[in-house]
Every structure is written in structure tokens, then in C-alpha cells.
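All heavy atoms count here, side chains included; hydrogens, waters and symmetry mates do not. So you know, we letter chains A, B, ... as the sequences are listed, proteins then strands, and number each from 1.
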Amino acid sequence: MADAPGPGDGLRPQHLTTDREEEPRLGTGRSTVTGHLRLAPMTDRSADATSADQEPFEDLPEQVRVRREKRQRLVESGRPPYPNTVRRTHALAELRRTFDFQDLPPDTRTGETVSVAGRVIHLRNTGKLCFVRLREGDGTELQAMLSLADLGEESLAEYKSLVDIGDFIEVSGEVVTSRRGELSVQATGWTMAAKALRPLPNEHRPLSDEARVRQRYLDLVVNPEARAMVRTKAAVLRSLRSTLDDRGYVEVETPILQLTNGGAAARPFRTHLNAFDQQMLLRIALELDLKKALIGGVDRVYEIGRTFRNEGLDSTHAAEFSMLEAYEAYGDIESMKALLQDLVRGAARSVGRTVVSGRDGEQIDLEGPWRSAGLHELVSEALQAEVTTETPLQDLRDLADGRGVELQERWGTGEVVLELYEKLVEHTLIQPTFVQDYPESVRPLAKPHPSKPGLVEAFDLIVNGVELAPAYTELNDPVIQRERLVEQSLLAAGGDPEAMDLDEPFLRAMEHGMPPAGGMGMGVDRLVMLLTGAGIRETILFPLLRPE
RNA sequence: GCGCCAUUAGCUCAAUUGGCAGAGCAGCUGACUCUUAAUCAGCGGGUUCGCGGUUCGAGUCCGCGAUGGCGUACCA
């Protein structure tokens, strides 16, 4: 609230830009009718520069000017630059599948006549024989050859003068192999499928990091790794769903717009619902609504969805990210361990990477055994000194001091042990490890451990030094739940009872009885990062960026 | 938040001590019926991120700002 931007400066300039420049263009694009009608005036270069809504033609980069002129020539020569569709009998991949394994000798004529389409990524125009390489979405490429003999003078001349790298074109003809033995379509005709007005970037040098993110669509055209990432993430999502579905979990969707935030402690994004004249928040977690579903009898329930946290951004944190949360009635942390192993291993198999490289070069075999270790045990190992729930606060503080770990004054033993773990241990846990037996004070929504006083049934799955998924035997005592939420809310409100923001509908639901349950939440992007070794900005297709 | 580094043609990058702003790809004109980062000949393309300053002269030095990267801090 205090940090909300004032109603002026930051927003205003953007607004002006939108009004002046974007709107007229949107108008052209959105309405098919006017869109077509307005094609012609584009050539009207004399359109006085006073109409500031369109960049003057003369100011455009040379290569855009050239392509716009070609577009216009296409219109005038009766070859629409953007036809509704073009004939296409085979995907490039289909032809590759059919012919690649036939080992055709050079100069073969297959007798098969096809129409193919794709983006032009390579052009070789010689006098009487032209080569063009087409690429389709997954990166499959196929060459076409356009010869004077087969096309005739006019068609070939038009092709040479109107087709650029970056355009989508259709080529029909016979499937052949070239004199060099390359599978090709020997063209008898071509059509423009969609004219590109801007050049593709240099294929042979990687785009700068910023360009790759800002113009991901170009990264996808030019960079096989970017194409693979999109498909890897999709495969991971499919695998997660199928693992859960196979176990009888039911997928649900719960509201992204919330009245109060719960399930995590992060600063939310704020927005406004006009119909109720109500301030709303974007969810920071899925937990509370999924528990309501559990209360209602959706005994195995999960959601995969976007959550939003208004916090700092870095190579492992994004403002919006995908989360999987799953809750299982009559489950506990042990069933969550089994579920997580299935989920992670299933995802790894689905992308063919069950052994991945750790940050320190160590290999991580996800099919191998996963360790379970107590928090105090791990901290003791790191400190070479026995630490238990009985260790006095002052001793812990001395140990932290000796290792240069800074502590906050108000912390108790639980927080101090957790801090020691996070600073000294977490990043060293490369192999899959369930870190468990947390002090009650640092995991307020988990149930007490049945045999270890002061500890709760909760774990964090750590792989490659990164937290992948926390899980609890979920607290379902509505009285304690209310106490904890009140505590949390008071803390968040800075001790001001008036500013407390309790989720009463959730508490009321809890009072109707929630079955004993295990629950967990997994960062989907982090799983993809683990399986690919990429940073979070690579796993998110269009990460948030400041306006240019 | 703080610190360091970067920003030059459509893309990726050069530019010596402050002294005419360049290359490869891409583009344009021409040659070439087997190219595939083709080759050959010729040509065009710049608000050097923005605003100010120092200087005879600034891509280069100084100040402020913008954007990005890295580090660091904060973060159920």
C-alpha cells in the first residue's frame, strides 16, 4: 500500500503512447472488414507526417521499407500477401518420416506430388535454379528447388524478387532428391502464405539475452533450444497431470482473483473488481481453496496454475509462476513423498532425462534412492556439533556467530535452526533429499509429530540445492488453525488488530471438518529448470520485462 | 535497495591516446541450373540508449536518467 505508485508519473506516459500510437493500429488489425479496406492506403507515402499515428515510410529501416514495397507489389500482381489459407498436403515432418529412411540415391524422382509450406529460413537464388529451405514449427526443415524449366520465366522472376527470408510460402511439386542427394520438392508452383515485413535475425550468432526474452518468437524461430524448451515444458505438464490422474486425483480450477490472501506469506498484486466495487488480490497460493474442495469431498484434488507474488525478481524468482498443489485425504507426508517421487520421475522420463547434471557438476540420478533427513541432523552435520530441539537459544546463536550466519533479534530456536539450515545446508543438497522434522514455529500449518515433541510432520524436497516442493501432514484442527492464522495476520498487519485480514469463509469451512490429509506444492518452473538446467527466464515463455 | 559492467546498422559485434563510425550475416543491382554460414563484381544502410556538460573536436571523458546482465540484500 505504502509502496503503491502514485496516480501520476509512472503510468501517465505509457497511457499517452497507447492513445496516440497503439490504438489506430489495433483498429486496423481487429476488424477484418476495415482491415482489408485499409490495405491500400499503406502505399500512400505522401500521407503527411502530421498524422503522427503511423511512422512515416521514409523513417522506417531500409529493410522494412523494401519488404513493404514487395508486399504492395504482391497485392498489385494478384498474389495476395496474406491469403486466408494455402494448399498444403503434407507437413514437412510427414515427408521426412516417409522418405528419410528410404535412402534415396541422388537425383531420384519419387513421382509423389505434394504441397508443402513453412517459413523461409534460407535462400539461394541463382540464375535459373533457386533453392529455398523451409522450416515448420518444431524445427523440421525441407528444401525446395525452383527451376526456370519447371516454373517458367515469369513465376521464377516473381519468386526471386518477392520472397524474402522470414516469409511463409507454399511450394508444390514432386518429391525428389537433389544432385547432392538432399530430399527436396521440385517446384512447379509457389504461393506466398504470409509476407514478413521485418528480417529474421542472423541464424548463426545467438541473439543477445535480452532480445531472446523480449522477442521470444524470434528465439523460437532461430534457436532449437528455445523450441525444445516449449515442448519440454508441455511434456512435463502432461506428465504431471497423467501421474495425478492415474492415482485418482481430480483436477480443479480455483479463483485467481481473491478477497484475502492465504496459503503463503508473500506480497500480493492488487486489482479491482468493478461489479462489486471491490479491491481484489491475485492469488499467491492455491492452498485454501483446494482444502475447501477436500472438505467438500474431493478426496484427491489438485490444481496446476499460475500464482503471483509481488516480490523481488532474480534467476530463481518470477512474478508469476506455475504451481502444482495436491491434497490427499487420509494421506500424510509419507504418501506425499511417494507422490512426489512419482511426479518427478514421471516428468523426467517423459522428457528422457532421468539423470541430470547438478550445479556442482555432480550427476543426479532421479531414479536412484531419495534420502530423508531430519533438519537438526543436517544442521548438526554442517556444524560438526550436536543440535537438537533441546539446544538452548544462546548456544545456537553462538554457533551461528561462529559460522558468520546473521540472525534477527526476535528469532527463537526454531527460526535460528532454520536459518542455519538455509545458509549452511540447503545449497549443498544436490541429490534428492526430503528435509523433515521442522520445528513447529517455522511450519505453523503442519500437524505435530506423533513422537517428536516440538516438531511437526512436514518436509521440503530439495534437489540440486533448490527447494522443489514443501509438503505437510495438514493441520485440520479448526481451533488451532484459527489461532495460527490470527498470529500470521497480526504479524502481517504489523501488530494492528484492526488491520487483520482473516479468511473467515475458509475458517468456517474448516469448522465443518477437513479429513486428515497430506498436501504438497511444487514449483513447476523449478522442476523444468531441474530437468533442463535452464534459468527460470528460459522456462517461462514470455517472462515479465520492463517496457522498452 | 546497493555495487560493478554493458547499450554502436535489421541481427551479432569491432573502432588504438579524444581525431574521417567499420566487419560478418541480412538488404539492393548484376552474373551463375545443385546451393545449403555459396561464390564473384558493385551499392546502400547510423539520433553510437536519452538529456546535459568539458573540448577546436566526444562512440570514447564528466554528470543525470532509461534499459539489461552479473553480484549482493530482502523474500513460508
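The gap from the C1' atom of B:rC13 to that of B:rA6 amounts to 13 Å, rounded to the nearest Å. B:rG45 and B:rG22 have their P atoms separated by 12 Å, given to the nearest Å. Rounded to whole Å, the separation between the P atoms of B:rC5 and B:rU12 comes to 23 Å. Taking the C1' atoms as reference points, B:rC62 lies 37 Å from B:rC25, given to the whole Å. Taking the P atom of each, B:rU7 and B:rC43 are spaced 30 Å apart, rounded to whole Å. For the P atoms, the distance from B:rU60 to B:rG52 is 14 Å, rounded to whole Å. Look at the P atom in both B:rU8 and B:rU48: the space between them is 11 Å, to the nearest Å. B:rC64 and B:rC4 are spaced 11 Å apart, taking the P atom of each and rounding to whole Å.
Stem list for RNA chain B (at least 3 consecutive Watson-Crick or G-U pairs, distances under 3.5 Å): B:1-7 with B:66-72, B:10-13 with B:22-25, B:27-31 with B:39-43, B:49-53 with B:61-65.
For A:Arg214, counting side-chain heavy atoms from C-beta on, the closest listed nucleotide (B:rC34, B:rG27, B:rU67) is B:rU67. The A:Ser208 side chain lies nearest to B:rU12 when the options are B:rU12, B:rU33, B:rG68. Considering only the side chain of A:Arg537, B:rG68 comes nearest among B:rG68, B:rC11, B:rG45. Looking at the side chain of A:Ala149, the nearest of the listed nucleotides B:rU33, B:rU36, B:rC11 is B:rU33. When distances are taken from the side chain of A:Gln408 to each of B:rG44, B:rU36, B:rC75, the shortest belongs to B:rC75. Relative to the side chain of A:His204, the nucleotides B:rC34, B:rA26, B:rC25 differ in distance, and B:rC25 lies closest. Candidate nucleotides B:rU12, B:rC28, B:rC75 were compared by shortest atom distance to the side chain of A:Glu311, and B:rC75 ranks first.
Take the nearest nucleotide of RNA chain B for A:Leu123 and for A:Ala264: the residue whose nucleotide is more 5' is A:Leu123.
Contact check of residues 125-139 of chain A against RNA chain B (heavy atom, cut-off under 4.0 Å) returns A:Asn125, A:Thr126, A:Gly127, A:Lys128, A:Leu129, A:Phe131, A:Arg133.
The base of B:rA37 does not come close enough to the side chain of A:Glu203 for any donor and acceptor atom to sit less than 3.5 Å apart. Residue A:Glu210 places no side-chain atom within donor-acceptor reach of the base of B:rU7, judged by atom type and a 3.5 Å distance cut-off alone.
With rounding to whole Å, A:Leu148 atom CG is found 13 Å from B:rC34 atom P.
For the OP1/OP2 pair of B:rG68 and a distance below 4.0 Å, the side-chain nitrogens and oxygens of A:Arg546 include at least one atom meeting the criterion. For A:Lys70 and B:rC28, the shortest distance from a side-chain N or O to OP1 or OP2 is below 4.0 Å. Between A:Arg205 and the phosphate of B:rU12, there is no side-chain N or O to OP1/OP2 separation shorter than 4.0 Å. Not one side-chain nitrogen or oxygen of A:Arg67 sits closer than 4.0 Å to the OP1 or OP2 atom of B:rG10.
Here A:Pro106 lies out of heavy-atom contact (under 4.0 Å) with every strand.
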